Protein chains: 2
Amino acid sequence: MMLKIGALASLAGVSRDTLRFYEKHGLITPDTRTDSGYRLYSETDVYRISFILSAKEVGFTLNEIHQLLELEVTKDDKSCHDVKQFVDNKIQVVNQRLGEMEKIKQSLKTLSNACCGGDEPATHCTILGALSVQNR
Amino acid sequence: MMLKIGALASLAGVSRDTLRFYEKHGLITPDTRTDSGYRLYSETDVYRISFILSAKEVGFTLNEIHQLLELEVTKDDKSCHDVKQFVDNKIQVVNQRLGEMEKIKQSLKTLSNACCGGDEPATHCTILGALSVQNR
DNA sequence: CTTGACCTTGGACTATACTCCACCCTTTAT
DNA sequence: ATAAAGGGTGGAGTATAGTCCAAGGTCAAG
C-alpha cells in the first residue's frame with residue numbers, strides 16, 4: 001500500500017516540508033506519483049526516515065547520510081572494496097564519538113553525584129571540574 | 001603563563017575567529033586583556049575548548065554547551081536541585097544517543113562483514129538491509 | 001457542486017555555527 | 001626604522017537544515 005506525503009510524514013514524525021527537502025537532497029524519493037502529481041511512498045520508507053533521524057541525532061550530516069544510503073555493493077570487486085573502506089571509516093568515526101560520549105556521560109555523572117550530597121569535594125561542582133577528575 | 005588568541009587557537013585546534021565567536025556567545029572569555037587590547041587566556045582554557053569540541057561532536061548545540069559550562073553549584077539547596085535535574089536530564093539524552101549510535105555501529109559492522117566475503121545474503125548489502133537485520 | 005483537507009511548486013525566511021574581509025593598531029625580528 | 005606577523009572590531013558571506021508562505025490544483029463527503 002502506498003502512502004501520500006502527509007501519511008508518511010506523520011508515521012515518521014517529520015513534516016511534509018522536511019520530506020520534500022530530503023527529496024531535493026537525494027535522501028529519499030517517492031516510488032511513484034499519481035496522475036495528478038501526488039508523491040506516493042512505500043511503507044518501508046518509514047524505516048528509511050527513521051534511519052536518517054538516528055544518524056542525524058548522532059552527528060552525521062545529511063550529506064554523509066546520503067552517502068551511507070547510497071551504498072550498494074555491485075558485483076564489481078573494486079567497488080565492493082571501496083564500500084568496505086568507506087563503511088569501516090565510518091565505524092571508526094562512530095567509535096570515536098562513542099568514546100567522547102562516554103567521557104561526557106561520566107563527567108555528568110560525577111557532577112550529579114558530587115553536588116547533591118556526594119562525597120566528592122566541591123571543586124568537582126562544575127563540568128570542567130568533573131571532566132578533570134575523569135582525565136586525572 | 002598567559003596565551004594570546006593565536007596560541008590558544010593552535011593549541012586547541014580551532015581558528016581565532018572561532019574563539020572570538022565563542023566569546024561572543026558566552027562560551028569562553030579571556031582572563032584579561034593587555035593594555036593594547038589583546039586577549040589573554042589561561043592555559044586551562046585549552047581544556048575548556050576541548051570540552052566544547054567533544055560536546056559539539058556528540059550533538060550538543062553551543063547553547064546547551066553554554067548551559068553546561070555555566071553550571072556552578074551554590075550552597076543554595078534549591079539551585080543545587082535544579083542543577084541536578086538539568087544534569088540528570090542531559091545524562092538521559094546522552095544515554096539515548098549512545099543507544100542510537102550503537103545501533104548504527106552494528107548496522108555498519110553487519111554491512112562491512114556481509115559485503116566482502118561474509119556469509120550473509122546479498123540483501124544485507126545496503127545500510128537499510130543491515131539495519132533491518134538488526135531490528136529483526 | 002462546493003467546501004475542506006490535502007497536494008503541487010517556487011521562493012523567501014530562519015537559526016546555527018562558523019568564516020572571511022576590510023581597515024587599522026601592536027609587537028617582534030632584522 | 002621598517003616590514004612581517006599577529007591582534008582588534010564590525011560587518012558581510014557561507015553551509016547546513018529546515019520552515020513558512022503564496023498561488024494554485026485534486027479529491028472525497030455532504
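As the structure is a prediction and not an experimental result, all values here were calculated from the model. No hydrogens, no waters, no symmetry mates; every other heavy atom, side chains included, goes into these values. Order of the sequence lines fixes the chain letters, A, B, ..., with proteins taken first and strands second; residue numbering starts at 1 for each chain.
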Handout entry: Distance, rounded to the nearest Å, where Ile65(A) contributes CD1 and dG18(D) contributes C1'
Key = 13 Å

Problem - Side-chain donor-acceptor contact under 3.5 Å, Glu100(A) with Ser54(B) - result: yes

Problem - Pair Ser15(B), Thr18(B): side-chain N/O donor-acceptor within cut-off below 3.5 Å - result: yes

Practice task
For dT26(D), take OP1 and OP2 only and decide whether either is under 4.0 Å from a side-chain N or O of Arg39(A).
Solution key: no

Practice task
Considering just the side-chain nitrogens and oxygens of Arg16(A), establish if one lies under 4.0 Å of OP1 or OP2 belonging to dT9(C).
Solution key: no

Practice task
Round to the nearest Å and state the distance from Glu23(A) atom CD to dC7(C) atom P.
Solution key: 13 Å

Exercise for the section: Using a cut-off of strictly less than 4.0 Å, decide whether Thr18(A) has a side-chain nitrogen or oxygen near OP1 or OP2 of dT19(D). Expected result: yes

Completion exercise
Arg20(B) atom CZ is separated from dG11(D) atom C1', nearest whole Å, by 13 Å

Handout entry: Gap between atoms OH and P, on Tyr22(B) and dT19(C) respectively (whole Å)
Key = 8 Å

Practice task
Write down the distance between NE2 (His25(B)) and C1' (dA17(C)), rounded to a whole number of angstrom.
Solution key: 8 Å

Practice task
Answer yes or no: is there an ion pair linking Arg48(B) with Asp45(B), defined by an N-O contact shorter than 4.0 Å?
Solution key: no

Handout entry: Residue-phosphate contact under 4.0 Å: Lys56(A) side-chain N/O, dG18(D) OP1/OP2
Key = yes

Practice task
Look at Arg16(A) together with Glu23(A) and state whether they make a salt bridge at an N to O cut-off of under 4.0 Å.
Solution key: no

Practice task
Could you tell me the separation between the CZ atom of Phe21(A) and the P atom of dT9(C), rounded to a whole number of Å?
Solution key: 16 Å

Problem - Under-4.0 Å side-chain N/O to phosphate OP1/OP2 contact, Ser36(B) with dG7(D) - result: no

Exercise for the section: Have a look at Thr34(A) and say if it touches a base, only the backbone sugar-phosphate, or nothing, with a 4.0 Å heavy-atom cut-off. Expected result: nothing

Exercise for the section: Find the distance Glu64(B):CD to dT16(C):P and express it as a whole number of Å. Expected result: 11 Å

Handout entry: Distance-only donor-acceptor test, Tyr38(A) side-chain atoms vs dG25(D) base atoms, 3.5 Å
Key = yes

Practice task
Treat each ILVMFWY residue as a node, draw an edge where side-chain heavy atoms are under 4.5 Å apart, and state whether Met2(B) and Val46(B) are in one component.
Solution key: no

Practice task
Measure the distance from CG on Asn63(B) to C1' on dT16(C) and round it to the nearest whole Å.
Solution key: 10 Å

Completion exercise
Among the nucleotides dC7(C), dC18(C), dT19(D), whichever has the atom closest to the side chain of Ile5(A) is dC7(C)

